[in-house]
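In what follows, a structure is listed as C-alpha coordinates, so that the remarks can point back to it.
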Amino acid sequence: MPRIEVDETLCKGCELCKMTCPKQCIEMSDKFGKSGYFPAKLAKEDCCIGCKMCYQVCPDVAITVYK
Amino acid sequence: MTAEKAITKRPSGLTDKKTHYCPGCGHGVVHRLIAEVMEELNIVGKTIGVAPVGCAVFADTYFACDMIQGPHGRGPAIATGLKRSKPELAVFSYQGDGDLASIGMAETIHSAARSENITIIFINNCIYGMTGGQMAPTTLIGQKATTCPKGRDAKKQGYPIKVSELLATLQGAKYLERCAVHKPAFVAKTKMAIKKAFQNQIDGKGFSMVEVLTVCPTNWGLNLKDSIGFLEGPMEEYFPLGVYKDEK
Ligand SMILES: Cc1ncc(C[n+]2csc(CCOP(=O)(O)OP(=O)(O)O)c2C)c(N)n1
Ligand code: SF4
Ligand code: SF4
Ligand code: SF4
(Lines give C-alpha, C1' and ligand atoms only; values in the text may rest on other atoms or scores of the structure.)
(Ligands and ions follow the chains in the order given, each with its own letter.)
Protein backbone atom coordinates (compact mmCIF):
# COMPACT_ATOMS: atom_id res chain seq x y z
CA MET A 1 0.00 0.00 0.00
CA PRO A 2 1.40 3.47 -0.87
CA ARG A 3 2.08 5.83 1.99
CA ILE A 4 3.70 9.19 2.76
CA GLU A 5 6.27 10.26 5.27
CA VAL A 6 6.42 13.86 6.46
CA ASP A 7 9.75 15.28 7.59
CA GLU A 8 8.83 17.15 10.76
CA THR A 9 11.92 19.31 10.62
CA LEU A 10 10.83 20.68 7.22
CA CYS A 11 7.02 20.75 7.52
CA LYS A 12 5.56 24.16 8.41
CA GLY A 13 2.02 22.92 8.91
CA CYS A 14 0.58 25.01 6.08
CA GLU A 15 -2.10 22.37 5.33
CA LEU A 16 -1.75 22.67 1.54
CA CYS A 17 -1.18 18.92 1.27
CA LYS A 18 -4.26 18.28 3.38
CA MET A 19 -6.38 20.56 1.17
CA THR A 20 -5.00 18.87 -1.95
CA CYS A 21 -5.11 15.14 -1.19
CA PRO A 22 -7.88 13.68 -3.40
CA LYS A 23 -8.47 10.91 -0.85
CA GLN A 24 -8.49 13.10 2.27
CA CYS A 25 -5.76 10.92 3.77
CA ILE A 26 -3.86 13.75 5.45
CA GLU A 27 -4.52 15.37 8.81
CA MET A 28 -2.56 17.70 11.02
CA SER A 29 -0.83 16.38 14.11
CA ASP A 30 -2.08 17.75 17.43
CA LYS A 31 1.47 17.81 18.77
CA PHE A 32 4.09 20.40 17.93
CA GLY A 33 6.73 19.13 15.53
CA LYS A 34 10.44 19.85 15.88
CA SER A 35 10.02 23.22 14.14
CA GLY A 36 7.16 24.46 16.29
CA TYR A 37 4.39 23.78 13.78
CA PHE A 38 1.67 21.14 13.75
CA PRO A 39 3.03 18.85 11.05
CA ALA A 40 0.98 16.93 8.52
CA LYS A 41 0.63 13.18 8.83
CA LEU A 42 -1.19 10.29 7.21
CA ALA A 43 -4.60 10.11 8.89
CA LYS A 44 -5.28 6.47 8.23
CA GLU A 45 -3.65 3.41 6.75
CA ASP A 46 -4.89 1.95 3.45
CA CYS A 47 -5.92 5.36 2.19
CA CYS A 48 -3.01 6.74 0.16
CA ILE A 49 -2.99 5.91 -3.56
CA GLY A 50 0.53 7.28 -4.19
CA CYS A 51 -0.66 10.02 -6.56
CA LYS A 52 2.11 12.43 -5.38
CA MET A 53 -0.23 15.43 -5.42
CA CYS A 54 0.72 16.32 -1.85
CA TYR A 55 4.40 16.26 -2.81
CA GLN A 56 3.66 18.50 -5.82
CA VAL A 57 2.10 21.30 -3.79
CA CYS A 58 4.29 21.13 -0.66
CA PRO A 59 6.35 24.34 -0.56
CA ASP A 60 8.90 22.74 1.75
CA VAL A 61 9.66 19.39 0.09
CA ALA A 62 8.66 17.83 3.41
CA ILE A 63 6.79 14.85 1.94
CA THR A 64 8.21 11.61 0.60
CA VAL A 65 5.78 9.26 -1.13
CA TYR A 66 6.46 5.51 -0.99
CA LYS A 67 4.94 2.88 -3.21
CA MET B 1 4.97 -8.34 -3.07
CA THR B 2 7.67 -6.03 -4.40
CA ALA B 3 9.77 -3.99 -2.02
CA GLU B 4 8.51 -0.51 -1.21
CA LYS B 5 10.50 2.41 -2.60
CA ALA B 6 10.36 6.19 -2.52
CA ILE B 7 8.72 7.64 -5.65
CA THR B 8 9.56 11.26 -4.81
CA LYS B 9 12.84 12.79 -3.77
CA ARG B 10 14.42 16.13 -3.02
CA PRO B 11 15.93 17.32 -6.32
CA SER B 12 19.71 17.67 -6.52
CA GLY B 13 19.29 21.30 -7.60
CA LEU B 14 18.36 22.20 -3.99
CA THR B 15 20.70 22.31 -1.00
CA ASP B 16 19.56 20.64 2.24
CA LYS B 17 18.81 23.98 3.84
CA LYS B 18 15.34 24.61 5.21
CA THR B 19 13.84 27.79 3.76
CA HIS B 20 12.80 30.78 5.86
CA TYR B 21 9.59 31.33 3.85
CA CYS B 22 6.22 31.58 5.62
CA PRO B 23 4.01 28.46 5.70
CA GLY B 24 2.26 27.99 2.34
CA CYS B 25 4.34 30.59 0.48
CA GLY B 26 4.71 29.86 -3.24
CA HIS B 27 8.44 30.65 -3.36
CA GLY B 28 9.26 27.16 -2.07
CA VAL B 29 7.37 25.30 -4.81
CA VAL B 30 8.95 27.43 -7.53
CA HIS B 31 12.41 26.78 -6.03
CA ARG B 32 11.75 23.04 -6.17
CA LEU B 33 10.59 23.24 -9.80
CA ILE B 34 13.69 25.16 -10.90
CA ALA B 35 15.81 22.58 -9.05
CA GLU B 36 13.99 19.68 -10.74
CA VAL B 37 14.43 21.29 -14.16
CA MET B 38 18.16 21.85 -13.60
CA GLU B 39 18.47 18.22 -12.51
CA GLU B 40 16.55 16.90 -15.53
CA LEU B 41 18.58 19.03 -17.96
CA ASN B 42 21.74 17.94 -16.14
CA ILE B 43 22.92 21.54 -15.64
CA VAL B 44 23.13 21.93 -11.85
CA GLY B 45 26.92 22.28 -12.17
CA LYS B 46 26.61 24.51 -15.24
CA THR B 47 24.14 27.12 -14.02
CA ILE B 48 24.47 30.49 -12.29
CA GLY B 49 21.38 31.94 -10.66
CA VAL B 50 20.86 35.50 -9.49
CA ALA B 51 18.95 35.91 -6.21
CA PRO B 52 16.91 39.12 -5.81
CA VAL B 53 16.27 41.55 -3.01
CA GLY B 54 12.94 40.49 -1.54
CA CYS B 55 11.81 37.45 0.37
CA ALA B 56 13.96 35.28 -1.93
CA VAL B 57 17.12 37.15 -0.93
CA PHE B 58 18.55 33.96 0.61
CA ALA B 59 17.82 31.90 -2.53
CA ASP B 60 21.57 31.75 -3.08
CA THR B 61 21.73 29.37 -0.11
CA TYR B 62 18.80 27.20 -1.28
CA PHE B 63 19.92 26.38 -4.83
CA ALA B 64 22.78 23.93 -5.31
CA CYS B 65 24.04 25.66 -8.49
CA ASP B 66 26.35 28.69 -8.37
CA MET B 67 24.51 31.79 -7.21
CA ILE B 68 25.01 35.53 -6.93
CA GLN B 69 22.81 37.82 -4.83
CA GLY B 70 22.20 41.02 -6.75
CA PRO B 71 21.22 44.57 -5.78
CA HIS B 72 17.50 45.34 -5.87
CA GLY B 73 16.04 44.97 -9.36
CA ARG B 74 19.37 44.48 -11.11
CA GLY B 75 19.04 40.74 -11.73
CA PRO B 76 18.65 41.02 -15.51
CA ALA B 77 21.71 43.29 -15.77
CA ILE B 78 23.82 40.85 -13.74
CA ALA B 79 22.46 37.92 -15.73
CA THR B 80 23.33 39.78 -18.94
CA GLY B 81 26.94 40.17 -17.86
CA LEU B 82 27.20 36.58 -16.69
CA LYS B 83 25.69 35.14 -19.85
CA ARG B 84 27.72 37.29 -22.21
CA SER B 85 30.99 36.38 -20.49
CA LYS B 86 30.09 32.71 -19.92
CA PRO B 87 27.75 31.78 -22.78
CA GLU B 88 28.33 28.07 -22.13
CA LEU B 89 26.54 28.35 -18.75
CA ALA B 90 22.80 28.59 -18.09
CA VAL B 91 21.92 31.83 -16.30
CA PHE B 92 18.66 32.62 -14.54
CA SER B 93 17.41 35.59 -12.58
CA TYR B 94 14.81 34.98 -9.85
CA GLN B 95 12.77 38.07 -8.94
CA GLY B 96 9.68 39.27 -7.13
CA ASP B 97 7.23 41.82 -8.48
CA GLY B 98 8.63 44.68 -6.42
CA ASP B 99 12.13 43.83 -7.56
CA LEU B 100 11.29 43.19 -11.23
CA ALA B 101 8.44 45.59 -11.96
CA SER B 102 9.29 48.55 -9.74
CA ILE B 103 12.93 49.42 -9.07
CA GLY B 104 14.12 46.96 -11.73
CA MET B 105 11.65 47.75 -14.50
CA ALA B 106 14.31 49.36 -16.71
CA GLU B 107 16.56 46.29 -16.48
CA THR B 108 13.60 44.02 -17.19
CA ILE B 109 12.44 45.91 -20.27
CA HIS B 110 15.86 46.53 -21.76
CA SER B 111 17.12 42.98 -21.27
CA ALA B 112 13.99 41.79 -23.06
CA ALA B 113 14.38 44.41 -25.80
CA ARG B 114 17.99 43.29 -26.33
CA SER B 115 16.74 39.71 -26.28
CA GLU B 116 19.44 38.67 -23.85
CA ASN B 117 19.71 34.90 -23.91
CA ILE B 118 18.68 34.51 -20.26
CA THR B 119 15.83 32.99 -18.24
CA ILE B 120 13.83 35.06 -15.79
CA ILE B 121 11.59 33.54 -13.15
CA PHE B 122 9.18 36.22 -11.98
CA ILE B 123 7.21 35.71 -8.77
CA ASN B 124 4.09 37.88 -8.79
CA ASN B 125 2.36 38.02 -5.41
CA CYS B 126 0.88 41.51 -5.87
CA ILE B 127 2.79 42.92 -2.89
CA TYR B 128 6.18 43.73 -1.37
CA GLY B 129 6.59 40.71 0.88
CA MET B 130 9.93 41.14 2.59
CA THR B 131 9.46 44.72 3.71
CA GLY B 132 6.06 44.14 5.27
CA GLY B 133 3.31 44.47 2.68
CA GLN B 134 3.67 47.77 0.84
CA MET B 135 1.91 48.33 -2.47
CA ALA B 136 3.67 46.86 -5.50
CA PRO B 137 3.25 47.89 -9.16
CA THR B 138 1.15 44.70 -9.42
CA THR B 139 -1.14 45.38 -6.43
CA LEU B 140 -4.74 45.09 -7.63
CA ILE B 141 -7.29 47.90 -7.55
CA GLY B 142 -9.04 47.69 -4.18
CA GLN B 143 -6.34 45.46 -2.66
CA LYS B 144 -5.12 46.65 0.73
CA ALA B 145 -1.43 47.25 1.43
CA THR B 146 0.31 49.23 4.19
CA THR B 147 0.85 52.13 1.76
CA CYS B 148 -2.76 52.03 0.51
CA PRO B 149 -4.58 50.90 3.66
CA LYS B 150 -8.01 51.61 2.19
CA GLY B 151 -7.22 49.61 -0.91
CA ARG B 152 -5.48 50.68 -4.10
CA ASP B 153 -7.32 53.55 -5.73
CA ALA B 154 -6.63 54.11 -9.43
CA LYS B 155 -7.13 57.86 -8.97
CA LYS B 156 -4.34 58.03 -6.39
CA GLN B 157 -2.04 55.11 -7.15
CA GLY B 158 -2.74 54.33 -10.78
CA TYR B 159 -3.24 50.91 -12.30
CA PRO B 160 -1.40 47.63 -11.81
CA ILE B 161 1.14 46.65 -14.47
CA LYS B 162 0.71 43.46 -16.47
CA VAL B 163 4.33 42.59 -17.05
CA SER B 164 3.94 39.60 -19.38
CA GLU B 165 1.53 41.52 -21.61
CA LEU B 166 3.86 44.53 -21.60
CA LEU B 167 6.93 42.50 -22.54
CA ALA B 168 4.96 40.69 -25.25
CA THR B 169 5.00 43.94 -27.25
CA LEU B 170 8.80 43.74 -27.48
CA GLN B 171 10.28 41.90 -30.41
CA GLY B 172 13.18 40.70 -28.26
CA ALA B 173 10.99 38.77 -25.83
CA LYS B 174 10.84 35.23 -27.23
CA TYR B 175 8.95 33.25 -24.62
CA LEU B 176 6.54 34.55 -21.97
CA GLU B 177 4.13 32.48 -19.94
CA ARG B 178 2.09 33.20 -16.81
CA CYS B 179 1.51 30.24 -14.47
CA ALA B 180 0.52 29.39 -10.89
CA VAL B 181 1.50 26.75 -8.30
CA HIS B 182 -1.40 26.46 -5.84
CA LYS B 183 -2.75 23.16 -7.26
CA PRO B 184 -1.04 20.07 -8.68
CA ALA B 185 -2.13 20.61 -12.31
CA PHE B 186 -0.78 24.17 -12.26
CA VAL B 187 2.45 22.99 -10.65
CA ALA B 188 2.99 20.52 -13.50
CA LYS B 189 2.32 23.24 -16.09
CA THR B 190 4.68 25.66 -14.39
CA LYS B 191 7.42 23.05 -14.43
CA MET B 192 6.97 22.57 -18.17
CA ALA B 193 7.16 26.33 -18.66
CA ILE B 194 10.33 26.64 -16.58
CA LYS B 195 11.89 23.76 -18.48
CA LYS B 196 11.06 25.42 -21.77
CA ALA B 197 12.50 28.73 -20.57
CA PHE B 198 15.81 26.98 -19.74
CA GLN B 199 15.78 24.89 -22.94
CA ASN B 200 15.24 28.05 -25.03
CA GLN B 201 18.36 29.51 -23.49
CA ILE B 202 20.35 26.33 -24.20
CA ASP B 203 19.09 26.53 -27.79
CA GLY B 204 20.11 30.21 -28.01
CA LYS B 205 16.61 31.52 -28.61
CA GLY B 206 16.88 34.69 -26.52
CA PHE B 207 14.87 36.23 -23.69
CA SER B 208 12.46 33.92 -21.83
CA MET B 209 10.39 34.73 -18.76
CA VAL B 210 8.00 32.65 -16.69
CA GLU B 211 5.70 34.68 -14.43
CA VAL B 212 4.27 32.69 -11.52
CA LEU B 213 1.29 33.96 -9.50
CA THR B 214 1.86 33.06 -5.84
CA VAL B 215 0.14 33.68 -2.52
CA CYS B 216 1.50 35.86 0.29
CA PRO B 217 -0.86 34.98 3.18
CA THR B 218 1.30 36.90 5.66
CA ASN B 219 1.04 40.28 3.97
CA TRP B 220 -2.36 39.82 2.41
CA GLY B 221 -3.65 39.21 5.95
CA LEU B 222 -5.51 36.09 4.85
CA ASN B 223 -5.31 32.44 5.81
CA LEU B 224 -4.03 30.07 3.13
CA LYS B 225 -7.47 28.95 1.97
CA ASP B 226 -8.68 32.53 1.47
CA SER B 227 -5.34 33.43 -0.14
CA ILE B 228 -5.88 30.72 -2.73
CA GLY B 229 -9.39 32.12 -3.24
CA PHE B 230 -7.90 35.57 -3.86
CA LEU B 231 -5.43 34.12 -6.34
CA GLU B 232 -8.08 32.14 -8.22
CA GLY B 233 -10.48 35.08 -8.16
CA PRO B 234 -9.36 38.70 -8.60
CA MET B 235 -5.73 37.89 -9.30
CA GLU B 236 -6.30 35.47 -12.17
CA GLU B 237 -9.00 37.74 -13.51
CA TYR B 238 -6.58 40.65 -13.86
CA PHE B 239 -3.54 38.49 -14.63
CA PRO B 240 -4.90 35.69 -16.84
CA LEU B 241 -2.78 32.55 -16.99
CA GLY B 242 -1.45 31.57 -20.38
CA VAL B 243 1.26 31.89 -23.00
CA TYR B 244 1.91 35.49 -24.05
CA LYS B 245 4.73 34.81 -26.50
CA ASP B 246 6.21 31.66 -27.92
CA GLU B 247 8.38 32.39 -30.90
CA LYS B 248 9.66 29.37 -32.77
C1 LIG C 1 17.85 49.85 -3.31
C2 LIG C 1 16.81 49.28 -2.38
N3 LIG C 1 15.61 49.87 -2.28
C4 LIG C 1 14.66 49.36 -1.47
C5 LIG C 1 14.92 48.24 -0.73
C6 LIG C 1 13.84 47.69 0.20
N7 LIG C 1 13.21 46.48 -0.31
C8 LIG C 1 13.64 45.27 0.07
S9 LIG C 1 12.72 44.02 -0.57
C10 LIG C 1 11.70 45.13 -1.36
C11 LIG C 1 10.54 44.66 -2.20
C12 LIG C 1 10.35 43.19 -2.24
O13 LIG C 1 9.19 42.83 -2.88
P14 LIG C 1 9.12 41.77 -4.05
O15 LIG C 1 10.20 42.03 -5.05
O16 LIG C 1 7.73 41.77 -4.57
O17 LIG C 1 9.49 40.37 -3.39
P18 LIG C 1 8.75 39.52 -2.25
O19 LIG C 1 9.41 39.94 -0.97
O20 LIG C 1 7.29 39.83 -2.31
O21 LIG C 1 9.07 38.10 -2.60
C22 LIG C 1 12.10 46.44 -1.11
C23 LIG C 1 11.40 47.62 -1.64
C24 LIG C 1 16.20 47.66 -0.83
N25 LIG C 1 16.55 46.56 -0.16
N26 LIG C 1 17.14 48.18 -1.68
S1 SF4 D 1 0.18 10.59 -2.44
FE2 SF4 D 1 -1.87 11.27 -3.07
S3 SF4 D 1 -3.26 9.97 -1.93
FE4 SF4 D 1 -1.28 9.78 -0.93
S5 SF4 D 1 -1.34 11.29 0.70
FE6 SF4 D 1 -0.40 12.26 -1.06
S7 SF4 D 1 -2.09 13.29 -2.10
FE8 SF4 D 1 -2.99 11.81 -0.69
S1 SF4 E 1 2.24 21.00 2.36
FE2 SF4 E 1 4.25 20.43 3.20
S3 SF4 E 1 4.73 22.05 4.68
FE4 SF4 E 1 2.53 22.19 4.24
S5 SF4 E 1 1.56 20.95 5.84
FE6 SF4 E 1 1.87 19.60 4.08
S7 SF4 E 1 3.86 18.63 4.45
FE8 SF4 E 1 3.73 20.38 5.81
S1 SF4 F 1 6.10 37.45 3.33
FE2 SF4 F 1 4.87 36.62 1.66
S3 SF4 F 1 6.33 36.31 -0.07
FE4 SF4 F 1 7.50 36.55 1.83
S5 SF4 F 1 7.91 34.48 2.58
FE6 SF4 F 1 6.06 35.24 3.61
S7 SF4 F 1 4.35 34.55 2.33
FE8 SF4 F 1 6.22 34.38 1.10
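Chain A is the first sequence line, chain B the second, and so forth, proteins listed ahead of strands; every chain is numbered from 1.
- Side-chain contact, Glu211(B) with Asn124(B): a donor N or O sits under 3.5 Å from an acceptor N or O.
- Contacts of Met19(A) with chain B are made by side-chain atoms alone, with heavy-atom separations under 4.5 Å and no backbone atom involved.
- Classified by interplanar angle (parallel below 30°, tilted 30° to 60°, perpendicular above 60°), the ring pair His27(B)/Tyr21(B) is parallel.
- Counted by atom type alone, Thr147(B) and Tyr128(B) present zero donor-acceptor pairs between their side chains at under 3.5 Å.
- Heavy-atom distances place no part of Lys191(B) under 4.5 Å from chain A, backbone and side chain included.
- Looking at Arg10(B), the atoms closer than 4.5 Å to chain A (heavy atoms on both sides) sit in the backbone and in the side chain alike.
- Per-residue counts of heavy-atom pairs under 4.5 Å with chain B were compared for Val57(A), Val65(A), Val61(A); the largest is that of Val65(A).
- For Lys18(A) and Glu27(A), the salt-bridge test fails: no basic side-chain N is under 4.0 Å from an acidic carboxylate O.
- Of the two parts of Phe186(B), neither the backbone nor the side chain holds a non-hydrogen atom closer than 4.5 Å to a non-hydrogen atom of chain A.
- Salt bridge present: Arg3(A) and Glu4(B) bring a charged side-chain N and a carboxylate O closer than 4.0 Å.
- With a threshold of 4.5 angstrom between heavy atoms, Lys18(B) approaches chain A through its backbone and through its side chain.
- Proximity of the aromatic rings of Tyr37(A) and Phe32(A) is defined here by a centroid distance below 6.0 angstrom, and this criterion is not met.
- With a 4.5 angstrom heavy-atom cutoff, Cys58(A) touches chain B only via backbone atoms.
- Heavy-atom distances place the backbone of Ile63(A), and not its side chain, under 4.5 Å from chain B.
- Residue His182(B) touches chain A through its backbone alone, counting heavy-atom pairs closer than 4.5 Å.
- Taking the six-membered ring for Trp and the full ring otherwise, the centers of Tyr62(B) and Tyr94(B) sit at least 6.0 Å from each other.
- Interface summary for chain B: among Thr20(A), Leu16(A), Asp60(A), the most heavy-atom pairs under 4.5 angstrom belong to Leu16(A).
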